[in-house]
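In what follows, a structure is listed as C-alpha cells, so that the remarks can point back to it.
Below, chains carry the letters A, B, ... as their sequence lines are ordered, and counting in each starts from 1.
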Amino acid sequence: MITEHLITCLREAVASAQKAGELDLTSPPADVSIDPPRNKEFGDFASNIAMTLAKPAGLPPREVAARIIKYLPVGQGVIARVEIAGPGFLNFYLKPHWLQDTLLEIEERDAFYGTNRTRLGEKTLIEFVSANPTGPISVVNGRAAALGDSLANLLAACGAEVSREFYINDALNSLQLEKLAQSLAWRYGQQLGLDWAMPEDAYMGEYLMDIAADLVKEFGDRYAKVSEEERQAAFREMATSRMVEQQRRDLEAFGVRFDRWFYESSLYESGAVRRCIEEMKARGHAYEKDGALWLRTTQLSRDEKDRVLVRSNEKETYVAADAAYHKDKFDRGFNRLINIWGADHHGYVQRLKAGIAALGYDPDRCEIILTQMVLLMRDGEPVRGSKRAGDIIPLADLVSEIGRDAARFYNLLNSYETTATFDLELAKKQSNENPVFYAQYAHARCCNVLRRAEEMGVSVPQAGAVNRELLTHEKELDLLRRLADYPEEVRLAADMLAPHRLTAFVREIGQALHQFYEECPALKEGVPADLRDARLTVFNATRIVVRNLLTLLGVSAPERM
RNA sequence: GCGCUCGUAGCUCAGUGGAUAGAGCAUCUGACUUCGGAUCAGAAGGUCGGGAGUUCGAAUCUCUCCGAGCGCGCCA
C-alpha cells in the first residue's frame, strides 16, 4: 500500500541523514506516521515526523524537516514534491498515476478489493443480541444485531475466522422463564374460556396470546386436564422453543444469521457448570460464607465485591454459568471473544472477567463492547419499552415498515458509544430520506451508466486498456482518492471495532460519485471516445467499491431503484 | 453515597494528539427537453458543558466541577 511505501521512504531518509551526521539520534524513530491531511492544499499525505524528532535531535522542527527532505527520493518514484509547512509538517505531493492506477487494482481484486490479511490466524467468536427468550426481538436489540453482524463481516474481511453466536438464557433456575410459562398458561386458559387467575407480574405482550391460540389449535384442551406441575413444565418448554423460533425468524428478516444458538441449559445438562465450580474451588478462588459459595472476584478483577457462585439453596448463579460458557468458547479454539452487551450490564464486566481468570484463561482475550442505551421516542415522548408490560417495539415491525436496508443502515449511523435517540416516526418517515438511499443510489447510478453504455453499443473497457492519464479533472481525482482510501478505511474500522465509520465513508464516496457524475460526463455528446472509456472504468470501479462497502454493512446494492 | 458511561451547529450525530472542528436533517437561495433530480451548487448556523494541567500542538490524554443516563440482589 502507498502509505507503507512512504513510511519506508521516510525511515530510509532519516537513516541516511543520521549516517551523514546531519541528525544526531540515539535510536531510529519508533512510530512513523503518515496521514492524509484534512485540507487538500497540504498535499496527498503529511507526516509529523520532524516535530516528533525535534526534541531528541535538539533542532527546531523545520530544520529537522529540511534535513530529512534532502534524502527523500523526490521526483524519482511516485513522489512529485515534498514541502515543509506550518510548524514542521512534511507534505507529500504525489504524481497522479498513484490514483489512476488504483483502477487496475480494484478491477483485478473485484469483490476482494478492500480485504486484507492483517487478522489471519485470529479465531474470533462474536456473541451478540442474546436476548432473553421472554419476548420478540425489539428495535433496541436491533442496534446490537446490526453492530455485531457487520463487525463480524469486517473482521472476516481482515482475514479473521469469525463465528456469530446467540446465547439463550433458558436455565431452569431462571425466574423469568417461570413467569413466562405461567403467563402463557394463563393465556391458554383464557382461550379455552377458563377462569384461571392472572399470575403476578405477568408478561402482558400480545405475542403470548398468539402462541396460546396456536397451542389451542394444536393440542386442544389437553393441558387443561393435567396437573399444574406438568402444565408448568410443558409450557416452559413450549414457550422457550417458540420464542427462540420467533427470535430467529425476526433476526433473519433483519439479515442476521447466527452460526450457533447456544443454550445455557446445555451447560447444566453436561455438568460443565458443576465442573467449573470444582475447578475454581481447586484453584483456591472460591470460599464458603453464610451457607453460600463465593467467588473472589475482587481479587481476580476490579469488581467491588465478591459474587455468589452457588446460593445457599444449592442452585448455581449465572456467574457460574457464564464462566462455564466462556470456558467453553475458549475450549472450542477461539482465541478472541467479543461480547456485545447493553450499557445497563456494565456492572457485570468485572465479574465475568473474574470468572474467566478463575478458570485459568486470559480475561484480556474477552472484549466486552457496551452499547449505550437506545432512547426510544414516540410523538416527542420517551417510550419505556418493557417486555413485561408488553410495550416493546418489535424489530420485525420496523423492518416491515421501513425495510431491512434502511433499518440496518440507520442502526449503524452512529458509534455505539453514544446514547442513540431513536425517533420512531422519523425512522419511518426516513424511508425516503434515510441516508442509505444516497449510498444505494450511487451504486444504481454507476450501474445505470454502464448499462446505458452497452445500450449505446459502447462496450465497457478494462481499466488496463484505457488512457488513465486523461483522468485529471478535480472531481475525478477526488473520487479516485476515496476509492484508494477504502482498504485503509476497512482496516481502521476493524481495528477500532467501529463499523459506523463505514457508513460515514460510503456517504463520502456517494458524494464524490454524484459530483463526478455532474461534472464529468462520459456518454454525453461531444465527449471524446478515449475520455469516455476512461470515465466508464471509473464508474465501474466505484460500482465495485460501493457494493463491497454495502455488503460489509449488511445492506443490499441495488442495480436499479 | 459509590461505580461505569456520555455532554460537539436549532435537531440527529461524525471527528486517528496535528494545520481554518465537519456531515445529514431542518431553514433560505439557485440548477430540470438529466449519461434516471432518491442529484448538484451556494448561504446561514460553534465560548467542542465550565475550569485547570500535560506538550511544539488538546474536541481528543489527566484532574476537578456542573449536567444527563445506567448500574449497585444468594434475579438473569
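Applying the 4.0 Å criterion to OP1 and OP2 of B:rA41, one finds that A:Q515 has a side-chain N or O inside that range. The side chain of A:K305 places an N or O atom within less than 4.0 Å of a non-bridging phosphate oxygen (OP1 or OP2) of B:rC74. For the OP1/OP2 pair of B:rC74 and a distance below 4.0 Å, the side-chain nitrogens and oxygens of A:K315 include no atom meeting the criterion. Between A:R311 and B:rC75 there is a side-chain N or O to OP1 or OP2 distance below 4.0 Å. Taking only side-chain nitrogens and oxygens, A:Y438 comes nearer than 4.0 Å to OP1 or OP2 of B:rC40. Taking side-chain N and O atoms only, A:T134 has no distance below 4.0 Å to OP1 or OP2 of B:rA76. Within the structure, every side-chain polar atom (N or O) of A:Y416 is placed at least 4.0 Å from both OP1 and OP2 of B:rU5. An OP1 or OP2 oxygen of B:rG15 is reached within less than 4.0 angstrom by a side-chain nitrogen or oxygen of A:H500.
Taking atom CG on A:L90 and atom P on B:rG18, their separation rounds to 17 Å, with Å as the unit. Atom C1' of nucleotide B:rA38 and atom CG of A:L513 are separated by 13 Å, given to the nearest angstrom. For the pair A:N48 CG and B:rA58 P, the interatomic distance rounds to 15 Å; values are reported in whole Å. Atom-to-atom, CG of A:N313 to P of B:rC75 comes out at 7 Å; the value is rounded to the nearest Å. One can place CE of A:M373 at 14 Å from P of B:rC6, the figure rounded to the nearest angstrom. Summarising the geometry, the separation between CD on A:E508 and P on B:rC13 is reported as 20 Å, rounded to the nearest angstrom.
Residue A:E454 qualifies as enclosed at atom CD: its count of foreign heavy atoms under 6.0 Å is above 12.
Pair assignment for B:rA43: B:rU27, on the basis of Watson-Crick or G-U wobble contacts that are both within less than 3.5 Å. Across the strands present, B:rU54 finds no partner; the criterion is a Watson-Crick or G-U wobble pair with both atom distances under 3.5 angstrom. The partner of B:rG22 is B:rC13, judged by Watson-Crick or G-U wobble contacts that both fall below 3.5 Å. Pair assignment for B:rU60 gives none, since no Watson-Crick or G-U wobble pairing has each distance under 3.5 Å. Across all strands shown, B:rG1 forms a Watson-Crick or G-U wobble pair, both distances under 3.5 Å, with B:rC72.
The side chain of A:E417 lies closest to B:rC6, out of B:rA76, B:rA14, B:rC6. Taking every side-chain heavy atom of A:H345 into account, B:rA76 is the closest of B:rC13, B:rC72, B:rA76. Comparing B:rA76, B:rG3, B:rC40 by their nearest atom to the side chain of A:E518 picks out B:rC40. Considering only the side chain of A:A292, B:rC74 comes nearest among B:rA38, B:rU20, B:rC74. Which of B:rA14, B:rG18, B:rA38 sits closest to the side chain of A:P87 comes down to B:rG18. Nearest nucleotide to the A:V308 side chain, out of B:rC4, B:rC72, B:rC74: B:rC74. Distances from the side chain of A:Q176 to the nucleotides B:rA38, B:rC74, B:rA76 place B:rA76 closest. Looking at the side chain of A:A504, the nearest of the listed nucleotides B:rG24, B:rA14, B:rU16 is B:rA14. If you check B:rC13, B:rU39, B:rA76 against the side chain of A:N132, the one that comes closest is B:rA76.
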**Report entry** Criterion salt bridge (charged side-chain N to carboxylate O under 4.0 Å, His left out) on A:E367 and A:K353, from CA distance to verdict
**Finding:** CA-CA 9 Å; A:E367 295 158 70; A:K353 296 216 167 204; over 6 Å; no

Requested in this report: Given side chain to side chain contact (heavy atoms under 4.5 Å, CB included), test A:V244 with A:Y263 step by step and report yes or no.
Outcome: CA-CA 10 Å; A:V244 169; A:Y263 287 81; 3.8 Å; yes

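The base of B:rG71 lies outside donor-acceptor range of the side chain of A:D344, with no N or O pair under 3.5 Å. A donor-acceptor contact under 3.5 Å is not formed by the side chain of A:H514 with the base of B:rC40.
Looking at heavy-atom distances under 4.0 Å, A:R307 makes no contact with the nucleic acid at all. Nucleic acid contact for A:E264: sugar-phosphate only, since backbone atoms but no base atoms lie under 4.0 Å from a heavy atom of the residue.
Ring geometry for A:H514 against A:Y438 counts as perpendicular: the plane angle is over 60°, on a 0 to 90° scale with 30° as the lower cut. Ring pair A:Y348/A:Y318 is perpendicular by interplanar angle, where above 60° counts as perpendicular and below 30° as parallel.
Annotation: B:rG51 and B:rA59 have their C1' atoms spaced 16 Å apart (nearest Å). B:rU27 and B:rU47 are spaced 23 Å apart, taking the P atom of each and rounding to whole Å. Atom C1' of B:rU5 sits at a distance of 37 Å from the matching atom of B:rA38, rounded to the whole Å. Comparing the P positions of B:rC2 and B:rC56 gives an interatomic distance of 36 Å, to the nearest angstrom. Comparing the C1' positions of B:rA44 and B:rC25 gives an interatomic distance of 15 Å, to the nearest angstrom.
Ranked by how close their nearest RNA chain B nucleotide is to the 5' end, A:D306 and A:N91 are led by A:N91.
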